[in-house]
Protein chains: 2
Amino acid sequence: MPNSLSSFNRDTFNTALREKGLRPTKQRACVYGVILDKRDHPTADDIYDRVKRHLPGTSFATVYNCLETLVGCDLVRQVNMDRSPTRYCPNLTPHAHFRCTQSGKIYDVEIDNDTLSLMQALVPEGFEAENLDLSFSGTAKSSNN
Amino acid sequence: MPNSLSSFNRDTFNTALREKGLRPTKQRACVYGVILDKRDHPTADDIYDRVKRHLPGTSFATVYNCLETLVGCDLVRQVNMDRSPTRYCPNLTPHAHFRCTQSGKIYDVEIDNDTLSLMQALVPEGFEAENLDLSFSGTAKSSNN
DNA sequence: TTCAGGAATTAGAATAATTCCAATTTAGCT
DNA sequence: AGCTAAATTGGAATTATTCTAATTCCTGAA
């Protein structure tokens with residue numbers, strides 16, 4: 001039985017959904033599962049393909065619905081880089097993204113607390129930032145694959 | 001005659017285009033003009049409306065073509081925030097953006113050199129960043145309009 | 001346990017931003 | 001003026017995403 005969540009993740013998942021009064025359905029679990037499974041910042045399209053291998057009847061709308069739900073429950077994060085399709089990421093720690101313009105691959109980049117504080121301090125008086133997004137693009141040596 | 005470029009901007013414009021072997025057409029000048037004129041981070045749609053007031057025959061495709069050209073000549077910058085339409089910005093200094101989730105307005109946020117260096121230092125060995133994007137979203141007090 | 005009612009899923013249509021395309025116009029050279 | 005490549009044009013096409021209305025599925029009260 002592939003893509004069953006580990007009991008740890010299953011717990012996180014159930015709890016997060018129940019807290020919002022939402023149902024932990026098999027589609028939602030599966031979408032969450034494939035995102036945890038291969039942390040390659042998949043697009044909705046990628047996720048759809050992977051989910052179909054486990055739950056063949058799943059529709060595109062459902063994938064989008066599930067993703068929206070998971071994002072709303074803070075189980076996964078959206079990653080938007082330029083105009084390219086939205087990607088999804090189970091890494092919830094504060095981190096930036098690096099996109100290789102050659103391969104299209106996206107890498108997580110840790111942000112240390114000092115730098116994070118300095119960035120947050122850029123926001124002027126009278127503005128209240130709830131969200132911060134930092135991304136880089138450029139080239140990655142192929143040894144980083 | 002509205003939206004004629006100041007002689008300073010006209011020079012910048014002509015030079016930047018000629019350097020790439022491109023023609024400084026009236027459509028390109030007008031698109032550049034409206035972006036300089038009202039620095040409110042307009043979308044292609046906004047720009048189209050404003051350009052039509054000066055050059056009524058202009059098509060949408062032309063606006064997009066001109067924008068691409070201007071970006072390629074480093075005369076304006078694209079600003080992408082989440083999934084919302086691309087916006088355009090004539091501020092070429094390193095700066096971040098703040099989007100007010102209530103009004104949708106976008107504000108420039110200066111980045112000091114120290115913070116900029118620290119951010120650039122986040123990029124790990126083996127990665128070469130050509131581009132850095134920092135954006136915030138949250139709420140802005142209405143006195144910031 | 002059943003069953004009512006809300007929640008979730010589904011297929012397919014609709015939308016929004018952007019890009020593509022083929023035809024026409026224009027600008028810059030000789 | 002006339003040639004040629006570049007730019008513009010209108011409309012069709014594309015892409016990612018959202019919407020809609022119908023169906024199916026859970027859950028908890030009887």
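Heavy-atom basis, side chains included; hydrogens, waters and symmetry copies ignored. Proteins get letters first, then strands, A, B, ... in listed order; numbering begins at 1 in each.
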Side chain to side chain contact (heavy atoms under 4.5 Å, CB included) between Leu70(B) and Cys73(B): does it pass, once the steps are laid out? CA-CA 5 Å; Leu70(B) 296 173; Cys73(B) 294; 5.8 Å; no

Quick one, Asp112(B) with Thr115(B), criterion side chain to side chain contact (heavy atoms under 4.5 Å, CB included). Give me CA distance, side-chain angles, the key distance, then yes/no. CA-CA 6 Å; Asp112(B) 63 274; Thr115(B) 308; 2.8 Å; yes

Chi angles and distances behind the side-chain hydrogen bond (donor to acceptor under 3.5 Å, both in side chains) call for Asp133(B), His97(B): CA-CA 9 Å; Asp133(B) 264 299; His97(B) 292 100; 5.6 Å; no

What's the verdict on side chain to side chain contact (heavy atoms under 4.5 Å, CB included) for Asn131(A) and Phe136(B), showing C-alpha distance, side-chain angles and the deciding distance? CA-CA 5 Å; Asn131(A) 234 287; Phe136(B) 302 92; over 6 Å; no

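By the 30° and 60° cut-offs, the orientation of the rings of Phe127(A) relative to Tyr107(B) is perpendicular.
The stretch residues 11-18 of chain A has no heavy atom under 4.0 Å from DNA chain C, so no residue of it qualifies as close. Of the residues in residues 68-88 of chain B, Arg83(B) come within less than 4.0 Å of DNA chain D through at least one heavy atom, sorted by number.
Residue Phe60(A) contributes atom CZ, which lies 12 Å from atom P of dT15(D) at whole-angstrom precision. In this structure, Arg28(B) places its CZ atom 12 Å from P of dA27(C), rounding to the nearest Å. Put simply, NZ on Lys52(B) is 11 Å from C1' on dT9(D), counting in whole angstrom units. Nucleotide dT25(C) holds its P atom 17 Å from the CG atom of Leu55(B), rounded to whole Å.
Considering only side-chain N and O atoms, Tyr64(A) lies nowhere under 4.0 angstrom from the phosphate OP1 or OP2 of dT18(D). For dT9(D), one of the phosphate oxygens OP1 or OP2 lies less than 4.0 angstrom from a side-chain nitrogen or oxygen of Gln27(B).
Comparing Asp45(A) and Ser59(B) by the nucleotide of DNA chain D that holds the closest heavy atom to each, the one mapping nearer the 5' end is Ser59(B).
Looking at heavy-atom distances under 4.0 Å, Thr43(B) makes no contact with the nucleic acid at all. Counting any heavy atom pair closer than 4.0 Å across all strands shown, Thr25(B) reaches sugar-phosphate atoms only and no base atom.
Taking a 4.5 Å side-chain heavy-atom cut-off between Ile, Leu, Val, Met, Phe, Trp and Tyr, the cluster of Met81(A) extends to Val79(A), Ile106(A).
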Polar pairs (N or O, both sides) under 3.5 Å between protein and nucleotides 20-26 of chain D?
none

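Two different hydrophobic clusters hold Leu118(A) and Leu132(B) under the rule that ILVMFWY side chains link at heavy-atom gaps under 4.5 Å.
Remark: Lys38(B) pairs with Asp40(B) by the salt bridge (charged side-chain N to carboxylate O under 4.0 Å, His left out) rule, at least two apart or across chains. For the side-chain hydrogen bond (donor to acceptor under 3.5 Å, both in side chains) test, no residue two or more places apart in sequence or in another chain qualifies with Ser117(B).
Asp82(B) and Ser84(B) form no side-chain donor-acceptor contact under 3.5 Å, judged by distance and modelled atom types alone.
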